[in-house]
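Accompanying notes for the structure given below.
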Amino acid sequence: MLTEDVRIGLFKISNPLLGEVIENRRLTALSRGARSDARHLVFRCEKPYPCLPGQSAGILPPGMDPRTSRPHAPRLYSVASPTGGEDGKNLLVSLCVVRHFWDNPKTNERGIPGAASCYLCNLKAGDIVRITGPLGRHFILPSDYQERDLVFVATGTGIAPFRGMLKDIFRAGYSKRVWLIFGAQHADCLLYGDEFQALSQKYSNLVYLKAISREEINPCPAEVPTRENRMYVQVRMHENRSRLLEILSDEKAMIYLCGLKGMEAGIFPVLDGIGKELGKNSFSGALQAGGRLRVEVY
Ligand code: NAP
């Protein structure tokens, strides 16, 4: 599908789509507590909701926002389902959501539960949610992706779009190389880990690498500094720089980053280091300018 054909804004705040919760499954170990409570949520929509991996769905939490005394604005979540949804008919849409907690510097209140993410994580089967969107065009795969090697880098719930994309590309018989590099705090918080493991066993052109920040140590902190020498996705990239160099030296190869705001600041220098080997300055900038580096961070 061409980018200009991608549909956006089909459902507005004034006329949202209703979706019934049919699944709300915790993806991380219960013992990790509320702050690592990431969920796979599936909604059965009353009408088709045509969205692509890389797009976002808006969720309207019920009630009023105490900060504005107005109804809550929609919150955007990346779609985790493949093209056509989980059912192929655009009726079953899934999201990957983690409980968010925030601090209010004005009141010094800390650890305030996020209104939308906690609403979503608490939903029960049969509950009805109000959905807007879909939104976003820049993070979808290009129509000619079958001719391109792909590198996907995710932290935490930023994995959502890559789950759908991987389902899409393998269903379509993708034969180029695809790398998925995923960062999580603990091995029992690897979102959709079983799905990716199974895919990488089935498809030899998928390389699945994990960076477990609180259980593995960064072996090269001088070259790739990380907080408390934790193992981050950018360290995995640096360790595999010669293979990534080979992949990214192809002018068609693309790299997608999704997850925590700030991850790009650690990844760009690694990409720039790879670019130097190719005789290019500011490789990350050149990749972005050429539309080959896509970033979705919140
Ligand atoms: P998280 O568990 O807090 O973090 C995931 C991993 O990233 C951890 O291993 C963490 O390490 C590591 N990390 C922290 N800072 C990093 C950095 N600067 N560079 C590289 N890795 C770093 O993640 P989360 O709670 O799931 O949050 C993910 C973020 O993605 C949220 O901000 C969310 O809004 C955003 N997002 C979500 C979606 C969606 O649809 N759900 C889509 C796009 C983006 P340590 O904690 O051990 O330092």
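The structure displayed is predicted, hence computed values, not measured ones. Counting convention: from 1, in listed order, for ligands and their atoms alike. These values consider heavy atoms only, across backbone and side chains, with no hydrogens, waters or symmetry-generated copies.
Here the two rings, on Tyr192 and His40, have centers that are under 6.0 Å apart. The distance between the ring centers of Tyr208 and Phe182 does not fall below 6.0 angstrom.
Classification of the Tyr256-Phe152 ring pair by plane angle, with boundaries at 30° and 60°, yields perpendicular.
At a heavy-atom distance under 4.0 Å, only side-chain atoms of Tyr232, from C-beta outward, approach ligand 1. Within the 4.0 Å heavy-atom criterion, the part of Gln234 lying near ligand 1 is the side chain and not the backbone. With a heavy-atom cut-off of 4.0 Å, Ala184 touches ligand 1 through its backbone alone. The proximity of His100 to ligand 1, defined as any non-hydrogen pair under 4.0 Å, does not occur for either the backbone or the side chain.
With hydrogens left out, the protein atom closest to atom 5 (C) of ligand 1 is Gly156 N, 3.4 Å, a heavy atom. Closest protein heavy atom to atom 43 (C) of ligand 1: Cys258 SG, 3.3 Å. In terms of protein heavy atoms, atom 9 (O) of ligand 1 is closest to Ser213 OG, 2.7 Å. For atom 40 (O) of ligand 1, the closest heavy atom belonging to the protein is Ser78 N, 2.7 Å. From the protein, the heavy atom lying nearest to atom 34 (O) of ligand 1 is Tyr298 CD1, 3.3 Å. Closest to atom 47 (O) of ligand 1, if we only count protein heavy atoms, is Arg214 NE, 2.5 Å. Looking only at protein heavy atoms, the nearest one to atom 18 (N) of ligand 1 is Gly262 O, 3.7 Å. The protein atom (non-hydrogen) at minimum distance from atom 46 (O) of ligand 1 is Gln185 NE2, 2.8 Å.
For Arg7, the CZ atom counts as loosely surrounded, since its 6.0 Å shell holds 12 or fewer non-hydrogen atoms of other residues, nucleotides or ligands. More than 12 heavy atoms of other shown residues, nucleotides or ligands fall within 6.0 angstrom of atom NZ in Lys252. Around CZ of Arg177, the count of heavy atoms belonging to other residues, nucleotides or ligands within 6.0 Å exceeds 12. Annotation: Asp103, atom CG; neighbour count of heavy atoms from other residues, nucleotides and ligands within 6.0 Å is above 12. Within a 6.0 Å sphere centred on CG of Asp194, other residues, nucleotides and ligands contribute 12 heavy atoms or fewer. In Arg25, the CZ atom is crowded: over 12 heavy atoms of neighbouring residues, nucleotides or ligands sit closer than 6.0 Å. At most 12 non-hydrogen atoms from other residues, nucleotides or ligands lie less than 6.0 angstrom from CD1 of Ile217.
Between Ala160 and ligand 1, a contact under 3.5 Å exists for no N or O pair. Note: no N/O pair closer than 3.5 Å links Tyr77 and ligand 1 by distance alone. Checking only distances, Cys96 does come within under 3.5 Å of ligand 1, N or O to N or O.
Nearest to atom 1 (P) of ligand 1 by heavy-atom distance, out of Val98, Thr155, Leu260, is Leu260. Among Leu257, Thr157, Leu191, the residue whose heavy atom lies closest to atom 33 (C) of ligand 1 is Thr157.
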